[in-house]
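Working notes, beginning with the structure itself.
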Amino acid sequence: YAIILCKNITDIRDKVLAAQRFHDFMHVGKQKLVVETREVVLNIEYNLTNDTFESYDGEAPEIYMDALKESYTKAIDRLSQDIIPSHRELFLNCFSKEHMLDEFAMGKTHDVQEFLMGFQGENIWIRILYQLLRDPYTLCINIWLSCRDVTQDKTSMLHLVQQAQIDTVTGIYNRAALIERVQEKC
């Protein structure tokens, strides 16, 4: 006698492959970004459902490590302390556990956000790429975060934007930039 059970495991396999692709992306991104920018700050994984730490790769300042390894909520709270005040509320709203779980429930599984943070007396731009995936075996929702220092890129971009808005002869806003500023005020 034989009992044969058939089950469609396509969804589980797709989730496993998505997790592997993201892991590979972060590993390759780390190697690439060490050359192009100052460094990868951190690649980290949490079980968002249980608010627990899973793993990390990369470099992070020692002052963050205890909170980063404790839980997702503690990590976000600790990081928010160094986000500049004008960006802090947006950061906390964007990365709150509840918001992330709501985003996943609505079908949003990834995004990229940039924030300005003060660190060791210097302002640095941090780009945070995140991916939300349901663990196919435990059905918990995991979040992978990849944090990178993009200060040089952001500074260059802001400088180019400023150059595009300022008339080089007079040193004042050009027509397009002036119209945009007036429309913002109205």
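Position 1 is the first residue of the sequence, and the numbers go up from there. Source: prediction; values computed, not measured.
Note that the CG atom of Leu92 and the NE2 atom of His99 stand 12.0 Å from one another [nearest 0.5 Å]. Between atom CD of residue Glu62 and atom CE of residue Met65 there is a gap of 6.5 Å, rounded to the nearest 0.5 Å. The distance from the CG atom of Asp135 to the SG atom of Cys140 is 6.5 Å, given to the nearest 0.5 Å. Atom-to-atom distance recorded for His87:NE2 and Met117:CE is 12.0 Å, nearest 0.5 angstrom. Between the OH atom of Tyr64 and the CG atom of Leu79 there is a distance of 6.0 Å, given to the nearest 0.5 Å. Taking CG of Asp77 as the start and OG of Ser96 as the end, the distance is 10.5 Å to the nearest 0.5 Å.
Residue pairs that meet the salt bridge (charged side-chain N to carboxylate O under 4.0 Å, His left out) test with at least one member in residues 86-98, sequence neighbours left out, do not exist here.
Side-chain contact between Ile124 and Glu122: present, with at least one pair of heavy atoms (C-beta onward) separated by less than 4.5 Å. Counting heavy atoms from C-beta on, the side chains of Ile141 and Leu133 never come closer than 4.5 Å. At least one side-chain heavy atom of Leu145 sits under 4.5 Å from a side-chain heavy atom of Ile128. A heavy-atom distance below 4.5 Å is not found between the side chains of Tyr72 and Thr49. Leu132 has its side chain out of reach of Asn142: every pair of non-hydrogen atoms, C-beta onward, lies at least 4.5 Å apart.
Nearest heavy atoms, Tyr46 versus Glu54: C-CG, 3.8 Å. Taking every heavy atom of both residues into account, Ser146 and Asn43 meet most closely at OG-OD1, 2.7 Å. Heavy atoms only, all atoms of each residue included: Cys147 and Ile126 are closest at CB-CG2, 4.2 Å. When all heavy atoms are compared, the tightest approach of Ser71 to Asp51 is CB-O, 3.1 Å. Across every non-hydrogen atom of Cys94 and Gln113, the tightest pair is SG-CG, 3.7 Å. Considering every non-hydrogen atom in both Leu68 and Ile44, the closest pair reads O-CD1, 3.7 Å.
Taking the ring-ring contact (aromatic ring centres under 6.0 Å, His included) definition, one finds that Phe91 meets it with Phe95, Phe115, sequence neighbours left out.
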Give the intermediate values and the outcome of side chain to side chain contact (heavy atoms under 4.5 Å, CB included) for residues Ile143 and Gln131.
CA-CA 6 Å; Ile143 184 167; Gln131 171 95 29; over 6 Å; no
Going by atom type alone, with no hydrogens or angles, which donor-acceptor pairs under 3.5 Å involve a side-chain atom of residues 100-110 and a protein atom two or more places apart or on another chain?
{"unit_1": "Lys108", "atom_1": "NZ", "unit_2": "Asp111", "atom_2": "OD2", "d": "3.1"}

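Under 3.5 Å, the side chains of Asn50 and Thr52 contain no donor-acceptor pair of N or O atoms. Of the N and O atoms on the side chains of Trp144 and Glu45, at least one donor lies less than 3.5 Å from an acceptor on the other residue.
Between the side chain of Thr151 and the main chain of Trp125, a donor-acceptor pair closer than 3.5 Å is present. Remark: side-chain polar atoms of Arg127 are not paired, donor with acceptor, to backbone N or O of Arg148 under 3.5 angstrom.
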